[in-house]
Amino acid sequence: MSSPLPDLINPWRLIQLHKGFAGKAGAEALPRLSAAVQAILGEVEYHLLFGRNEQRQARINGEVRAQVQMECRRCLSPVQLALHSTLELAPVATEAEAERLPEELDLVVLQDTPMRPLDLIEDELLLSLPAYPCHPEESCIEQLVPEEQLASLRPPEAEEVEPPSPFAVLAGLKKSF
């Protein structure tokens, strides 16, 4: 069912054959993703399945995973992120066909010419990148300010002072009688 990913595929033929691919790809195979992040850590894992659903509609399903390093927008130090995306694409042959399908489907217009399947994988990973990558807030503060300075920035512990009782005046009046 799964085999190594070829450089070029005919997606419509693979849909007819109900063909699947699983494997790993290095950073050199994903130049757009490499340009969008500081580094791709390790290899990108992918699983793709070309076929038809129960209604005999063409589908490309799959899953991609990657570890990347980006710059934290809060503290500007490197942050490692785990990317994971699930593909559920509805391929169509023309724009007109795409307009007839429900908007909730992720449509992809596929030509009858060979395509690079790594482009699908790379597109999914690019879409899963966060717009503002950040560490958890506590991590950024610790990286920006040493712990001894953090202690001096924290507000001092407030002593609990009991508010005066509204009946204290009455107690004073009672003593005077």
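Atom set for the values below is all heavy atoms of this structure, side chains included, hydrogens, waters and symmetry mates excluded.
The number of heavy atoms from other shown groups lying within 6.0 Å of CZ (R32) is above 12.
Between atom CD1 of residue I60 and atom CG of residue L120 there is a gap of 5.5 Å, rounded to the nearest 0.5 Å. Atoms CD1 and CG, from I40 and L125 in turn, are 8.0 Å apart once rounded to the nearest 0.5 Å. One distance of note links CG of N53 with CD of Q57; it measures 4.5 Å at 0.5 Å rounding. Atom NZ of residue K24 and atom CZ of residue R65 lie 12.0 Å apart, to the nearest 0.5 angstrom. Rounding to the nearest 0.5 Å gives a distance of 10.0 Å between CZ of R59 and CG of D106. Rounded to the nearest 0.5 Å, atoms CG (L33) and CD (E122) are 6.0 Å apart.
Checked by atom type and distance alone, the side chain of E63 never pairs as donor or acceptor with a backbone atom of H47 at under 3.5 Å. The closest donor-acceptor contact from the side chain of S34 to the backbone of A27 lies under 3.5 Å. The main-chain N or O of L49 is never found under 3.5 Å from a side-chain atom of H18 such that the two would form a donor-acceptor pair.
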Query raised in the report: Yes or no on side chain to side chain contact (heavy atoms under 4.5 Å, CB included) for L118 and V44, after CA distance, side-chain angles and deciding distance?
Result: CA-CA 10 Å; L118 282 172; V44 173; over 6 Å; no
Requested in this report: Verify side chain to side chain contact (heavy atoms under 4.5 Å, CB included) between L81 and V37, making sure each step is shown before the conclusion.
Outcome: CA-CA 10 Å; L81 302 168; V37 299; over 6 Å; no
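Across every non-hydrogen atom of R74 and C134, the tightest pair is NH2-CB, 3.3 Å. In terms of heavy atoms, P133 sits closest to M70 at CG-CE, 3.9 Å. Residue Y46 comes nearest to A25 through the heavy atom pair CE2-N, 4.1 Å, listed as atom of the first residue, atom of the second, then distance. For R116 against D119, the heavy-atom pair with the smallest separation is NH1-OD1, 2.6 Å. Of all heavy-atom pairs spanning H84 and S128, the tightest one is O-CB, 4.4 Å. The minimum heavy-atom distance between I15 and F50, with the atom names listed, is N-CB, 3.8 Å.
A single hydrophobic cluster is seen to contain both L126 and L89, as judged by linkage of ILVMFWY side chains at heavy-atom distances under 4.5 Å, directly or through other members. Residues V79 and L41 are members of separate hydrophobic clusters, defined by side-chain heavy-atom contacts under 4.5 angstrom among Ile, Leu, Val, Met, Phe, Trp and Tyr.
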